[in-house]
S.K.: 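What follows is a structure written as structure tokens; I'll ask about it next.
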Protein chains: 2
Amino acid sequence: MEKKIFIGFLKDKGQRFTKERAAILQKTLSYHGHFDPESLYLKIRETGLKASRASVYRTLNLLCECGLIDKVRKTEHGTIYEYTFGHKHHDHMLCIMCGNTIEFCSEDLERLHEGLCTKQNFRGVNHTFEIRGYCKKCQKKRR
Amino acid sequence: MEKKIFIGFLKDKGQRFTKERAAILQKTLSYHGHFDPESLYLKIRETGLKASRASVYRTLNLLCECGLIDKVRKTEHGTIYEYTFGHKHHDHMLCIMCGNTIEFCSEDLERLHEGLCTKQNFRGVNHTFEIRGYCKKCQKKRR
DNA sequence: AATGATACTGAGAATCAATCTCAATAAAAA
DNA sequence: TTTTTATTGAGATTGATTCTCAGTATCATT
């Protein structure tokens with residue numbers, strides 16, 4: 001499914017589905033969650049597949065363009081990507097102590113998104129909502 | 001007020017309020033909104049004041065630590081800061097066509113923040129909510 | 001005022017993610 | 001087969017940010 005979308009997207013742009021791009025797509029989809037380009041690159045090498053860092057970066061940009069993945073946020077250590085296609089939209093809580101991420105879905109938030117856009121005459125395409133604070137475990141550790 | 005806070009913060013850490021830091025603080029506060037380190041650096045030089053880029057970066061980190069300013073987001077062109085102390089918390093809509101930012105306040109969102117944290121046993125400290133899409137003007141341009 | 005201890009500064013080097021260059025290669029079209 | 005065009009990877013480059021470190025400024029104590 002995803003493969004078909006990607007190939008179609010490439011074809012429309014007169015671009016090719018090479019074995020490097022196939023490898024990058026495959027490993028990207030294997031994440032079902034957050035990942036970063038360097039880990040993806042290493043994962044590809046571990047498996048014996050081949051693709052350079054340059055190709056990884058180039059292909060991740062293509063995958064973003066065609067909507068299979070998204071950039072979640074930029075950190076001091078680089079960009080975090082997420083395999084979003086076919087996954088329900090969710091938002092994040094980020095623990096500023098242990099760095100853990102909690103995902104959650106909120107219908108109320110989706111409704112609020114719509115309401116706010118209507119009020120401001122803004123055509124919202126998507127959003128990110130991130131709550132920073134202390135997760136359950138770290139609240140205990142703190143004292 | 002802000003100056004007093006910054007000086008107190010520095011004193012607690014056994015650090016000093018130098019003229020470079022004073023210049024950086026002053027120009028930072030003059031923004032009342034978003035800015036980036038390079039613009040700040042240039043603004044300082046224009047005024048005849050003196051501070052190196054290194055000092056700008058170092059001081060912005062201090063100002064974040066003591067809560068006078070915040071990092072809003074990292075972009076491909078660097079980090080966006082915001083002078084937040086004494087400013088009502090707000091969130092952003094970002095036009096992906098013209099790059100313009102719309103600020104808005106939402107009590108509903110604040111309530112939702114609280115509700116979500118309670119549900120997840122998360123102690124939320126702050127949040128960012130960003131809606132990306134097309135602003136009023138760009139919606140017209142698009143057709 | 002002199003001394004010693006400590007913090008601060010700026011210039012340039014270093015870091016690191018991300019992009020670019022470009023010659024070699026592969027795939028598609030003619 | 002020949003021509004055209006897209007892709008690749010190694011390494012260079014970029015650009016934001018941080019680090020280094022020698023020289024300077026500030027503070028505390030005599």
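In the text below, chain A, chain B and the rest are named by the order of the sequence lines, each starting its count at 1. Source: prediction; values computed, not measured.
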S.K.: If I take atom CZ in residue B:Arg53 and atom P in nucleotide D:dC19, what distance separates them, rounded to the nearest angstrom?
M.R.: 18 Å
S.K.: Kindly assign one of parallel, tilted or perpendicular to the pair B:His34 and B:His92, based on the angle between their ring planes and the thresholds 30° and 60°.
M.R.: perpendicular
S.K.: Whether B:Tyr57 contacts D:dT18 is assessed here as follows: a side-chain N or O lying under 4.0 Å from the phosphate OP1 or OP2. Is that the case?
M.R.: no
S.K.: With B:Leu94 as reference, evaluate B:Thr101, B:Ile102, B:Thr75 under the side chain to side chain contact (heavy atoms under 4.5 Å, CB included) test and give the passing residue.
M.R.: B:Thr101
S.K.: Give a yes or no on whether B:Glu76 atom CD has more than 12 heavy-atom contacts from other residues, nucleotides or ligands under 6.0 Å away.
M.R.: yes
S.K.: In whole angstrom, give the distance that lies between atom OH of B:Tyr41 and atom P of D:dG15.
M.R.: 16 Å
S.K.: Under 6.0 Å between the ring centres of B:His113 and B:His89?
M.R.: no
S.K.: Rounded to whole angstrom units, what separation is found between the CD atom of A:Glu76 and the C1' atom of D:dG15?
M.R.: 17 Å
S.K.: Any idea how B:Phe35 and B:Tyr81 line up, ring-wise: parallel (<30°), tilted (30 to 60°), or perpendicular (>60°)?
M.R.: parallel
S.K.: Provide, to the nearest angstrom, the distance between the CZ atom belonging to B:Arg58 and the P atom belonging to D:dC19.
M.R.: 10 Å
S.K.: Would you mind reading off the distance between A:Leu62 atom CG and C:dT19 atom P, rounded to a whole angstrom?
M.R.: 11 Å
S.K.: Under a plain distance cut-off of 3.5 Å, with no hydrogens placed, do B:Glu103 and B:His87 share a side-chain donor-acceptor pair?
M.R.: no
S.K.: Under 4.0 Å, heavy atom to any atom of DNA chain D: which of residues 4-22 of chain B qualify?
M.R.: B:Arg16
S.K.: Is B:Ser55 near enough to C:dG10 that one of its side-chain N or O atoms lies under 4.0 angstrom from OP1 or OP2?
M.R.: yes
S.K.: Is the number of heavy atoms from other residues, nucleotides or ligands under 6.0 Å of B:Lys74 NZ greater than 12?
M.R.: yes
S.K.: Nearest-Å distance, CD (A:Glu38) to P (C:dT19)?
M.R.: 14 Å
S.K.: Taking any heavy-atom pair under 4.0 Å as a contact, classify A:Asp36: base, sugar-phosphate, or nothing.
M.R.: nothing
S.K.: B:Lys71 has an atom NZ; how far is it from atom P of D:dA16, in whole Å?
M.R.: 15 Å
S.K.: In whole angstrom, what separates A:Lys50's NZ from C:dT25's C1'?
M.R.: 11 Å
S.K.: Are OP1 or OP2 of D:dT17 and a side-chain N or O of B:Asn61 less than 4.0 angstrom apart?
M.R.: no
